[in-house]
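For reference, positions follow the sequence shown, starting with 1.
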Amino acid sequence: MEIEEDKMLRIISFLLVLAALHAKLELMIEGKRAGWALRLPCWRIDNKFTQCFLGKEITGYHVWMLVMYAFIFHSPYLFIPITLSNELLILGFFCWYWIAEDWFWFLENNVFGLKNFRPGRIFWHKRWIWFLPVSYIWGMVAGTIFLLIGGGLK
């Protein structure tokens, strides 16, 4: 499936607004001084698997948030056919969404803020390449590949 340029711009605009709203909600839930569910009463798993793939622990809060948004992102299947192309597009947008949401968390956080968006200042982003957390780079690469293969970009 190929998405026309104007539809792609509308999708991207919608997802950016959604990511900004989600970041605001997350700031209200986690607090501006404590990211990565630091003070939330949720379970945490930190082992070789989570360190290898995420570079950090995983929390119950983030797992359930991820599951909820996976369902939201797959809601177009109520209106469009389930195809490999559509699934790749959804996964591509999903990857980029999480990068945008995390970035907005810092952009909207006047306590933590962009001034601390660098290595050594964010305990849950332990690995960096130049000025980006490794998880952002993995998300950008995976998201772009999914979008290109799914036919979302020309």
Side-chain angles (χ1 to χ4, degrees), residues 3 5-78 87-148 150 152-153:
I3 300 177
E5 191 174 323
D6 65 319
K7 286 183 184 174
M8 181 66 81
L9 290 174
R10 287 196 311 257
I11 291 169
I12 291 169
S13 297
F14 173 82
L15 292 177
L16 288 173
V17 170
L18 183 62
L21 293 171
H22 180 181
K24 282 282 193 201
L25 175 62
E26 199 163 47
L27 282 168
M28 296 295 110
I29 293 169
E30 292 181 317
K32 292 184 175 189
R33 298 186 189 280
W36 203 248
L38 182 63
R39 295 190 182 119
L40 297 184
C42 57
W43 52 260
R44 298 165 189 284
I45 298 173
D46 190 8
N47 57 33
K48 289 180 183 178
F49 179 81
T50 62
Q51 286 300 319
C52 178
F53 288 99
L54 300 173
K56 55 191 161 205
E57 70 181 5
I58 188 69
T59 71
Y61 167 77
H62 289 96
V63 166
W64 288 112
M65 188 68 71
L66 189 68
V67 169
M68 182 181 73
Y69 273 87
F71 272 93
I72 290 169
F73 269 70
H74 284 84
S75 65
Y77 285 145
L78 296 170
E87 184 61 22
L88 290 170
L89 290 171
I90 287 170
L91 291 174
F93 289 128
F94 194 62
C95 289
W96 276 97
Y97 172 82
W98 286 107
I99 296 163
E101 188 277 334
D102 195 65
W103 173 253
F104 279 123
W105 189 91
F106 290 99
L107 189 65
E108 297 170 2
N109 187 338
N110 60 358
V111 172
F112 209 93
L114 291 177
K115 67 184 178 288
N116 290 312
F117 192 79
R118 59 181 183 233
R121 296 295 195 121
I122 307 165
F123 74 88
W124 62 95
H125 286 307
K126 296 175 187 167
R127 297 182 297 185
W128 293 68
I129 294 178
W130 198 25
F131 61 91
L132 290 175
V134 169
S135 59
Y136 281 30
I137 294 168
W138 281 115
M140 290 175 189
V141 169
T144 300
I145 289 170
F146 289 145
L147 289 170
L148 288 171
L153 300 175

Which heavy atom in [X] sits nearest to a heavy atom in [Y], and how many Å separate them?
X	Y	result
D102	F106	O-CD1, 3.2 Å
R39	A34	NH1-CB, 3.5 Å
G143	C95	CA-CB, 3.6 Å
I137	I129	CD1-CB, 3.4 Å
A23	E101	CA-OE2, 3.4 Å
K126	K56	NZ-CA, 4.4 Å

Just how far is it from atom [atom1] of [X] to atom [atom2] of [Y], taken to the nearest 0.5 Å?
X	Y	atom1	atom2	result
L107	K24	CG	NZ	9.0 Å
L147	L88	CG	CG	9.0 Å
L132	I99	CG	CD1	8.5 Å

Item checked: The single option from W128, W105, F112 passing ring pair (Phe, Tyr, Trp, His ring centres under 6.0 Å) against F117 ->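 Considering W128, W105, F112, a ring pair (Phe, Tyr, Trp, His ring centres under 6.0 Å) with F117 is found only for W128.
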Do [X] and [Y] have side chains that get closer than 4.5 Å, going by heavy atoms?
X	Y	answer
H22	Y69	yes
R121	K115	no
L18	F104	no
I12	L16	yes
H62	E26	yes
L38	W124	no

Next item on the list: Evaluate the side chain to side chain contact (heavy atoms under 4.5 Å, CB included) criterion for residues F93 and L15: first the C-alpha distance (whole Å), next the side-chain angles of each, then the deciding distance (0.1 Å), finally the verdict.
Entry: CA-CA 8 Å; F93 289 128; L15 292 177; 3.6 Å; yes
Next item on the list: Kindly indicate, with the supporting measurements, whether the criterion side chain to side chain contact (heavy atoms under 4.5 Å, CB included) is fulfilled by I145 and V141.
Entry: CA-CA 6 Å; I145 289 170; V141 169; 3.8 Å; yes
[X], [atom1] atom: more than 12 neighbouring heavy atoms under 6.0 Å:
X	atom1	result
Y77	OH	yes
K32	NZ	yes
F71	CZ	no

Margin query: Check for me whether the distance between the ring centres of W36 and H125 falls short of 6.0 Å.
Written below: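 Not under 6.0 Å, so no.
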Next item on the list: Compute the centroid of each ring, for F146 and then for F73, and state whether the two points are separated by less than 6.0 Å.
Entry: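 Between F146 and F73, the centre distance exceeds or equals 6.0 Å.
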Next item on the list: For L40, check side-chain contact (heavy atoms from CB on, under 4.5 Å) against everything at least two apart and list the hits.
Entry: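 Partners of L40 under the side-chain contact (heavy atoms from CB on, under 4.5 Å) test: I29, E30, A37, C42, Y61.
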Item checked: Trace of the side chain to side chain contact (heavy atoms under 4.5 Å, CB included) decision for W103 with L114 -> CA-CA 9 Å; W103 173 253; L114 291 177; 3.4 Å; yes
Check: Yes or no on side chain to side chain contact (heavy atoms under 4.5 Å, CB included) for E57 and W43, after CA distance, side-chain angles and deciding distance?
Finding: CA-CA 10 Å; E57 70 181 5; W43 52 260; over 6 Å; no
